[in-house]
Amino acid sequence: MALNAFRLWLVDPRRNPLAAIHRKALSKRLKKYGLRYDDLYDPYYDLDIMEALHRLPREVVDARIQRLKRAMDLSLKHEYLPEEMQKLQTPFRSYLQDMLALVKREREEREALGALPLYQRTIP
């Protein structure tokens, strides 16, 4: 129990000053490219993420793809977003976490009931 409490303290930016510093640095880097934290998840690595992305509305997925394309373009050009655009970015506004939690709960429930998985869990 104490180990679990330590882990929670370690990653909570409200309680751990080092986590707050890390979150601020990560936010600054994501804003430079106009990305959100959820954009960093790879759907080909975790099939739960792929399933969650399939369930999201098309405009949310399209916005994610546009952010990723813009970030790759800026990175190849060795440029960042203009300062006024960086101020408008919200890197920790989540769009994927709720659906991802639902997909994981459904998968765990299917496993508990002994049903066949909806998809094969293989890493390409």
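Along the sequence shown, the residues carry numbers beginning at 1.
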Gln97 and Tyr37: side-chain donor and acceptor closer than 3.5 Å?
-> no

Report the distance from atom [atom1] of [X] to atom [atom2] of [Y], rounding to the nearest 0.5 Å.
X: Arg107; Y: Glu51; atom1: CZ; atom2: CD; value: 11.5 Å
X: Leu100; Y: Asp38; atom1: CG; atom2: CG; value: 8.5 Å
X: His22; Y: Asn16; atom1: NE2; atom2: CG; value: 11.0 Å
X: Glu83; Y: Lys32; atom1: CD; atom2: NZ; value: 9.0 Å
X: Lys24; Y: Ile21; atom1: NZ; atom2: CD1; value: 8.5 Å

Partner set under side-chain hydrogen bond (donor to acceptor under 3.5 Å, both in side chains) for [X], not counting sequence neighbours:
X: Arg23; value: none
X: Arg58; value: Asp62
X: Lys77; value: Asp73
X: Ser27; value: none

Stepwise, does the side chain to side chain contact (heavy atoms under 4.5 Å, CB included) test hold for Leu30 with Arg36?
-> CA-CA 6 Å; Leu30 290 172; Arg36 290 188 182 171; over 6 Å; no

Flag, side chain of Arg70 to backbone of Gly34, donor-acceptor distance under 3.5 Å | yes

Exam field: side chain Asp48 to backbone Lys104, donor-acceptor pair closer than 3.5 Å | no

Could you please spell out the steps behind the side chain to side chain contact (heavy atoms under 4.5 Å, CB included) verdict for Arg64 and Leu56?
-> CA-CA 11 Å; Arg64 176 184 193 266; Leu56 287 173; over 6 Å; no

Same cluster for Leu102 and Ile49 if Ile/Leu/Val/Met/Phe/Trp/Tyr side chains link at under 4.5 Å?
->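 Linked within one cluster.
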
Are any non-hydrogen side-chain atoms of Ile65 and Val61 less than 4.5 angstrom apart?
->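 Answer yes - side chains close enough.
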
Of the non-hydrogen atoms in Phe92 and Leu26, which two are nearest, and what is the gap between them?
->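 That closest heavy-atom pairing would be CZ-CD2, 4.0 Å.
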
If you take all heavy atoms of Leu74 and Tyr33, which pair is closest and at what distance?
->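 The answer is CB-CD2, 4.0 Å.
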
Are more than 12 heavy atoms from other residues, nucleotides or ligands located less than 6.0 Å from atom CZ of Arg55?
->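 For Arg55, atom CZ is crowded (more than 12 foreign heavy atoms under 6.0 Å).
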
Partner of Met50 by side chain to side chain contact (heavy atoms under 4.5 Å, CB included), out of Tyr44, Tyr41, Tyr45 = Tyr44

How far apart are the C-alpha atoms of Leu96 and Leu53, what are their side-chain angles, what is the distance that settles it, and do they pass the side chain to side chain contact (heavy atoms under 4.5 Å, CB included) test?
-> CA-CA 7 Å; Leu96 186 63; Leu53 285 171; 3.9 Å; yes

Any ion pair linking Arg105 and Glu109 (charged N to carboxylate O, less than 4.0 Å)?
-> no

What residues form a side-chain contact (heavy atoms from CB on, under 4.5 Å) with Arg14, not counting sequence neighbours?
-> Asp12

Here the ring-ring contact (aromatic ring centres under 6.0 Å, His included) pairs for residues 47-77, sequence neighbours left out, are none

